[in-house]
Peer 1: 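Just dropping this structure here.
The analysis underlying the following values was restricted to heavy atoms, covering all of them including side chains, and did not include hydrogens, waters or symmetry mates. When a residue number appears, it is its place in the shown sequence, counting from 1.
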Amino acid sequence: MKDEKKAPKLRFKSFTDDWEQCKLGDVYGHLYSGNTPSRKNSANFGGDTPWIRTADLNNGLIKSTTEFLTYEGIKQLKILPENTIVLAMYGGFNQIGRTGILGFPATINQALVALTPHKNINQFFAQSYLNRHIIDWRRVAASSRKDPNITKEDVEKSEFSFGSLEEQNRISKLISRLDHTITLHEEKKHQLERLKSALLQKMFADKSGYPAVRFEGFDEMWEYCKLEEVFVERNQKGVADANYPLCSFIAHKGVVPKDKYDRSFLVKSDGKKYKRTELNDFIYSSNNLETGSIGLNKFGRATISPVYSIFMVKGDSDFIAGLASTPRFIYEMIRFRQGVVYGQWRIHESDFLKIKYYIPQVTEQEKIGNLLSKLTRAIILHDRKSKLLLRVKQSLLQKMFI
């Protein structure tokens, strides 16, 4: 019987030859692992030679590091050329198999093994191959050793499959473009998050009653009023049904269907009445304010556990969402929290409504809320795009490699 063709499921046109299959050691030879100079000798550190550790690995191109060795520190070490692949053999189970490609000449510690450049191998292709098989590395690490790790010998004996250098280059270029686009979306998301965080600090009034940053046309002092001017308690109860499905309230995510974050052990549909909530209601958990269990219901009609406090919002809901995420607002709430044991803490709804806080007129609320809402939507969009592209990349890694 003819041997099964050794080729990936998905290929660029014009590539039809079988891939070569061998051991990593057959291609890269005897692999190198570094060490750690004695930290007792301060003369070993603070020089000009980059020293790469597991913490520096990013499964991509290493562009910087935090530690450098002196001439004294590298006497027992080898300087590796740019484009060397480094792979983590230990340093924590979740670190095993992580990779990086040196963006500059450097040396490494003993937890890493190095694959120096080879004329017939595209290093970024080889890294993608290794990243695809990261689960295999961890399976080896967990299967036979009390202290999970892999060795240089494990790496040298591991399977490695590759096509022609031209095909490697094509695959590497595609994966690199995806990585670049994913990085752009992630960086844009982080930039917007930082901008939103800065605005949350500047666009809400401090103890003076005035915010540091305002829209043009607004210069009046914010009104110092009780929160009952902004919120009305909603205390409607009922059993879960098609119109009010059973949901959970998750920190930093809000109201979500319980089949997504299954916490039915907290809220059982046994005919007992639970609290009902509507779109844009304000909700908080007295026990978990510091960890993000506070915010708006963006899901819609739902039934949730009675441990949550629910309020209708009189003003602009997006403004309230921003206000409720500021540390100062949460601090004011915590001051009214009663109880001495976690799980029994409580901010009574009546006490919450008596809290006094600086609130602007509705027109200014709407301006602030609209800006924060646009930023939130943009952050979500970039997050979704980066996650979608990451799924595309993972699919390609499965189909374009053996």
Peer 1: Checking ring pair (Phe, Tyr, Trp, His ring centres under 6.0 Å) against F352, which of Y357, F336, F231 comes through?
Peer 2: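 Between F352 and the candidates, ring pair (Phe, Tyr, Trp, His ring centres under 6.0 Å) is satisfied uniquely by F231.
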Peer 1: Between Q123 (side chain) and L115 (backbone), is there a donor-acceptor pair under 3.5 Å?
Peer 2: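 Yes; at least one donor-acceptor contact below 3.5 Å.
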Peer 1: Look at the side chain of K275 and the backbone N and O of Y308, then say whether any donor-acceptor pair between them is shorter than 3.5 Å.
Peer 2: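 A pair under 3.5 Å: yes.
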Peer 1: Is there a donor-acceptor pair under 3.5 Å between the side chain of R98 and the backbone N or O of A88?
Peer 2: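 Pair absent, no side-chain N/O of R98 close to backbone of A88.
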Peer 1: Is the shortest side-chain N to carboxylate O distance from E364 to R214 below 4.0 Å?
Peer 2: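 A salt bridge is present here (some side-chain N lies under 4.0 Å from a carboxylate O).
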Peer 1: Ignoring hydrogens and angles, state whether a donor on the side chain of D154 or T151 is under 3.5 Å from an acceptor on the partner side chain.
Peer 2: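 On atom types as modelled, these side chains qualify, holding a pair under 3.5 Å.
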Peer 1: Donor-acceptor pair, T183 side chain versus D179 backbone, under 3.5 Å?
Peer 2: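 Yes: the side chain of T183 pairs with the backbone of D179.
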Peer 1: When you look at CD of Q76, are more than 12 heavy atoms from neighbouring residues, nucleotides or ligands closer to it than 6.0 Å?
Peer 2: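 It does not: Q76 CD has 12 such atoms or fewer within range.
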Peer 1: Side-chain donor-acceptor pair under 3.5 Å between Q338 and D351, yes or no?
Peer 2: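 The criterion, which ignores hydrogens and geometry beyond distance, is satisfied for D351 and Q338.
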Peer 1: Taking K6 first and then D18, would you say they form a salt bridge - that is, a charged N and a carboxylate O separated by under 4.0 Å?
Peer 2: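 Salt bridge between K6 and D18, a charged N being under 4.0 Å from a carboxylate O: no.
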Peer 1: Are side-chain N/O atoms of T65 and D56 paired as donor and acceptor at under 3.5 Å?
Peer 2: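 Judged by distance alone, the side chains do pair up.
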Peer 1: Is a donor on one side and an acceptor on the other found under 3.5 Å between the side chain of T107 and the backbone of K78?
Peer 2: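 At least one qualifying donor-acceptor pair exists.
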Peer 1: Taking everything shown except Y71 itself, do over 12 heavy atoms lie less than 6.0 Å from its OH?
Peer 2: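 At most 12 heavy atoms, drawn from other residues, nucleotides or ligands, come within 6.0 Å of this atom.
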Peer 1: Please check if the side chain of Y358 supplies one atom and the backbone of K207 the other of a donor-acceptor pair under 3.5 Å.
Peer 2: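 Answer holds: yes.
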Peer 1: Do R234 and D281 meet the salt-bridge criterion of a basic N to acidic O distance under 4.0 Å?
Peer 2: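 Salt bridge between D281 and R234, a charged N being under 4.0 Å from a carboxylate O: yes.
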Peer 1: Decide if atom NZ of K152 counts as having more than 12 heavy atoms of other residues, nucleotides or ligands within a radius under 6.0 Å.
Peer 2: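 Yes, the 6.0 Å shell around NZ holds more than 12 heavy atoms from other groups.
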Peer 1: State whether a side-chain donor-acceptor pair under 3.5 Å links R53 with T66.
Peer 2: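 Indeed, the side chains of R53 and T66 share at least one donor-acceptor pair under 3.5 Å.
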Peer 1: Counting only N and O atoms by type, is there a donor-acceptor contact under 3.5 Å from the side chain of R276 to the main-chain atoms of V239?
Peer 2: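 Side chain of R276 to backbone of V239: a pair is present.
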Peer 1: Report yes or no: does S33 contribute a side-chain atom to a donor-acceptor pair with the main-chain N or O of Q110 at less than 3.5 Å?
Peer 2: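 Indeed, once roles are kept as given, a pair shorter than 3.5 Å links the two residues.
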Peer 1: Taking the side chain as C-beta and beyond, is there a heavy-atom pair between N280 and V313 under 4.5 Å?
Peer 2: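 Not touching, per the 4.5 Å side-chain cut-off.
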Peer 1: For the pair E332 and R335, find out whether any cationic side-chain nitrogen is under 4.0 Å from an anionic carboxylate oxygen.
Peer 2: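 Between R335 and E332 there is a salt bridge, with a charged N closer than 4.0 Å to a carboxylate O.
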Peer 1: Can you tell me if N58 uses its side chain to pair, donor with acceptor, with the backbone of L61 under 3.5 Å?
Peer 2: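 Yes.
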Peer 1: Does atom NZ of K367 have more than 12 heavy-atom neighbours from other groups under 6.0 Å away?
Peer 2: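 Count not over threshold, so no.
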Peer 1: Pairing donors with acceptors under 3.5 angstrom, does anything connect the side chains of H133 and D136?
Peer 2: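 H133 vs D136: donor-acceptor pair found between side chains.
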Peer 1: Should the pair K23-E156 be classified as a salt bridge under the 4.0 Å nitrogen-to-oxygen rule?
Peer 2: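 A salt bridge is absent here (no side-chain N lies under 4.0 Å from a carboxylate O).
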Peer 1: What do you reckon, are the aromatic ring centroids of F329 and Y331 less than 6.0 Å apart?
Peer 2: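 Ring-ring flag for F329/Y331: false, centres at least 6.0 Å apart.
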Peer 1: Side chains of Q127 and T99 only: does a donor on one sit below 3.5 Å from an acceptor on the other?
Peer 2: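 A pair is found: one side chain offers a donor N or O, the other an acceptor, under 3.5 Å apart.
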Peer 1: Within the distance-only criterion (no hydrogens, no angle test), does the side chain of S158 pair as donor or acceptor with the backbone N or O of V155 below 3.5 angstrom?
Peer 2: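 Yes; judged by distance alone, with no hydrogens or angles, the pair exists.
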Peer 1: Between atom CG of L192 and atom CG of L375, what is the distance when rounded to the nearest 0.5 Å?
Peer 2: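 Output value for this atom pair is 6.0 Å.
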Peer 1: Please indicate whether R177 has more than 12 foreign heavy atoms, meaning atoms of other residues, nucleotides or ligands, lying under 6.0 Å from its CZ.
Peer 2: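 Incorrect, the count does not exceed 12.
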Peer 1: Could you give the side-chain donor-acceptor pairs of residues 314-326 under 3.5 Å, partners two or more places apart or in another chain?
Peer 2:
residue	atom	partner	partner atom	Å
K314	NZ	E228	O	3.1
D316	OD2	D318	N	3.2
D316	OD2	F319	N	2.9
D318	OD1	K298	NZ	3.4
S325	OG	G322	O	2.7
T326	OG1	L323	O	2.6

Peer 1: Does a side chain donor of either S386 or E186 reach within less than 3.5 Å of an acceptor in the other side chain?
Peer 2: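 Note: S386 and E186 side chains miss the donor-acceptor criterion.
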Peer 1: Please find out if less than 6.0 Å separates the ring center of W19 from that of F125.
Peer 2: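 Ring centroids of W19 and F125 are less than 6.0 Å from each other.
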Peer 1: Can you tell whether the side chains of R346 and E349 come within less than 4.0 Å, N to carboxylate O?
Peer 2: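 Salt bridge flag = yes for E349 with R346.
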Peer 1: Going by heavy atoms in the side chains, are Y129 and F162 under 4.5 Å from each other?
Peer 2: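 No, their side chains stay 4.5 Å or more apart.
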